[in-house]
There are 2 protein chains.
Amino acid sequence: MESAFAVLAEPHRRAILSMLSSSERSVGELMHHLRLPQPSVSKHLKVLRDGGFVESRVEAQRRVYRLNPRPLQEIDAWLLPFRRFWSRHVDALEQQLERMEENSSVKGKKRHGKP
Amino acid sequence: MESAFAVLAEPHRRAILSMLSSSERSVGELMHHLRLPQPSVSKHLKVLRDGGFVESRVEAQRRVYRLNPRPLQEIDAWLLPFRRFWSRHVDALEQQLERMEENSSVKGKKRHGKP
DNA sequence: CAGGCATATGACCGTATGTGCATATACGTG
DNA sequence: CACGTATATGCACATACGGTCATATGCCTG
């Protein structure tokens, strides 16, 4: 698993993180919410653990998982240069859209025809 | 490809986006920088196009690609709830770290107790 | 119009990944 | 100590993905 993004590529894993952002949860709770068999949940949790997204606490037989924000903070940091980009280019993009509109309305067509 | 995160899971694609954040580039330029065969570059560009991350402009035989910030903005938006989480918990985490420090310095990375 | 450059697309292959099932492990309780 | 609950792990399988090679398409130039 090379990057935090690869971990987040999986919808169930994002769902787990979202659930954990509101509060800690046991595997059973996650399982119930996600409507996913327990082994799947455990495996996703392993990926999340290995990626540093979550940590677990043992509570009797339960493992209670909680969020660890660091990897998400790294993603936040990765976005930084792009934020500069889009704040610089907001107006340029709007102009671009206007140009596209007045230029043609057939943007869906793929010009593959042969002459 | 179900999500923007899946698109970003690929390191070469992130590299492409980073390159495009500084300026537009032709496929050839990207190819040269990434040291990747041209078909690979084109395929990654297709994924990025389908995901809305980039747009291309035709310039003679060249296709010049530029960044489209929207999908990245969506990711930025997805991070919002987590930002609230980590700003709420920064101090808690610091306390946690201090506790761990004063508790023991030999715990290392035990995480997976083996019997 | 032929030829060449720039890019896209298709087929094939090896590998990684998510899922399901079966099972192992750990813990609490009678 | 046997049993049930809660979670993790190993195996098998199908699928998706990235890389490579070969080829198609598009455009420019002589």
Side-chain angles (χ1 to χ4, degrees), chain A residues 1-17 19-20 24-66 107-115, chain B residues 1-17 19-20 24-66 109-115:
Chain A
M1 188 66 54
E2 22 186 336
S3 92
F5 289 102
V7 175
L8 295 179
E10 228 291 324
H12 291 135
R13 291 199 283 263
R14 291 198 300 279
I16 289 176
L17 293 180
M19 289 184 60
L20 294 183
E24 303 184 326
R25 312 270 184 173
S26 70
V27 178
E29 291 177 280
L30 294 168
M31 182 178 102
H32 177 252
H33 267 270
L34 299 173
R35 304 285 189 136
L36 216 59
Q38 176 267 319
S40 280
V41 177
S42 281
K43 283 170 188 178
H44 286 307
L45 285 170
K46 175 171 175 50
V47 176
L48 290 167
R49 252 185 293 132
D50 292 349
F53 286 85
V54 301
E55 293 164 359
S56 71
R57 165 167 59 92
V58 178
E59 194 173 85
Q61 320 93 314
R62 303 215 171 85
R63 306 282 180 113
V64 179
Y65 281 82
R66 66 174 176 282
K107 55 153 51 152
K109 287 263 152 116
K110 217 156 164 196
R111 250 154 154 223
H112 247 102
K114 82 159 217 57
Chain B
M1 191 66 56
E2 22 186 335
S3 91
F5 289 101
V7 175
L8 295 179
E10 228 291 323
H12 291 135
R13 291 199 285 263
R14 291 198 301 278
I16 289 175
L17 293 180
M19 288 183 60
L20 295 183
E24 303 184 327
R25 312 268 184 175
S26 70
V27 179
E29 291 177 280
L30 295 168
M31 182 178 101
H32 177 252
H33 268 270
L34 299 173
R35 305 284 189 137
L36 216 59
Q38 176 266 319
S40 280
V41 177
S42 280
K43 282 173 188 178
H44 286 307
L45 285 170
K46 176 172 175 49
V47 175
L48 289 167
R49 252 183 294 131
D50 292 350
F53 287 84
V54 302
E55 293 164 358
S56 71
R57 167 167 58 91
V58 177
E59 193 173 86
Q61 321 95 312
R62 303 215 170 86
R63 307 282 180 112
V64 179
Y65 281 82
R66 65 174 177 282
K109 46 169 51 179
K110 193 119 150 282
R111 190 159 259 155
H112 226 94
K114 77 142 223 320

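Keep in mind the model is a prediction, meaning the values are calculated, not measured.
In this structure, Glu29(A) places its CD atom 18 Å from P of dT5(D), rounding to the nearest Å. Atom CD in Glu59(A) sits about 13 Å away from atom C1' in dG28(C), given to the nearest Å. Between the P atom of dA8(C) and the CG atom of Leu30(B) lies a distance of 10 Å, rounded to the nearest Å. Nucleotide dT7(D) holds its C1' atom 10 Å from the CZ atom of Arg49(A), rounded to whole Å. The CG atom of Leu45(B) sits 16 Å away from the C1' atom of dC17(D) (whole-angstrom rounding). Look at CG on Leu36(B): it is 14 Å from P on dA8(C), rounded to the nearest Å. Protein atom CE of Met31(A) is 13 Å distant from nucleotide atom P of dG20(C), rounded to whole Å. Distance, Asp50(A) CG to dA8(D) P: 12 Å, rounded to whole Å.
The nucleotide whose nearest atom lies closest to any side-chain atom of Gln61(A) is, among dT9(C), dC28(D), dT5(D), dT5(D). Among the nucleotides dT19(C), dA8(C), dA8(D), the one closest to any side-chain atom of Arg63(A) is dA8(D). The side chain of Glu10(B) has dG19(D) as its nearest neighbour among dC27(D), dG19(D), dT7(D). Considering only side-chain atoms of Lys43(A), the nucleotide from dT9(D), dC28(D), dA8(D) that sits closest is dT9(D).
In the interface, the side chain of Gln38(A) is not paired with the base of dA6(D) through any donor and acceptor atom under 3.5 Å apart. Checked by distance alone, Lys46(A) brings no side-chain donor or acceptor within 3.5 Å of a matching partner on the base of dT7(D).
Atom CZ of Phe53(B) is separated from atom CG of Leu20(B) by 12.0 Å, given to the nearest 0.5 angstrom. Separating the CZ atom in Arg14(A) from the CE atom in Met19(A) is a distance of 15.5 Å, to the nearest 0.5 Å.
Residues Leu45(B) and Val54(B) come closest through the heavy atom pair O-CG2, 4.1 Å. Nearest heavy-atom pair across Ala6(B) and Ala9(A) is CA-CB, 3.7 Å. For Met31(A) against Val41(A), the heavy-atom pair with the smallest separation is CA-CG2, 3.8 Å. Nearest heavy-atom pair, His44(A) versus Leu36(A), reported as atom, atom and distance to 0.1 Å: CD2-CD2, 4.1 Å.
In terms of phosphate contacts, His44(B) brings no side-chain nitrogen or oxygen within less than 4.0 Å of OP1 or OP2 of dC17(D). Using a 4.0 Å cut-off, some side-chain N or O of Arg13(B) falls inside it from OP1 or OP2 of dG18(D). Remark: Arg62(B) is not in phosphate contact with dC28(D), judged by side-chain N or O atoms under 4.0 Å from OP1 or OP2. Between Ser40(A) and dG20(C) there is a side-chain polar atom (N or O) within less than 4.0 angstrom of OP1 or OP2. Proximity of Tyr65(B) to the phosphate of dA8(C): a side-chain N or O atom is located under 4.0 Å from OP1 or OP2.
At the heavy-atom level, Pro37(A) lies under 4.0 Å from the strands shown only through sugar-phosphate atoms.
Across the interface with DNA chain C, nearest-nucleotide mapping of His12(A) and Ala60(A) shows His12(A) to be the residue nearer the 5′ end.
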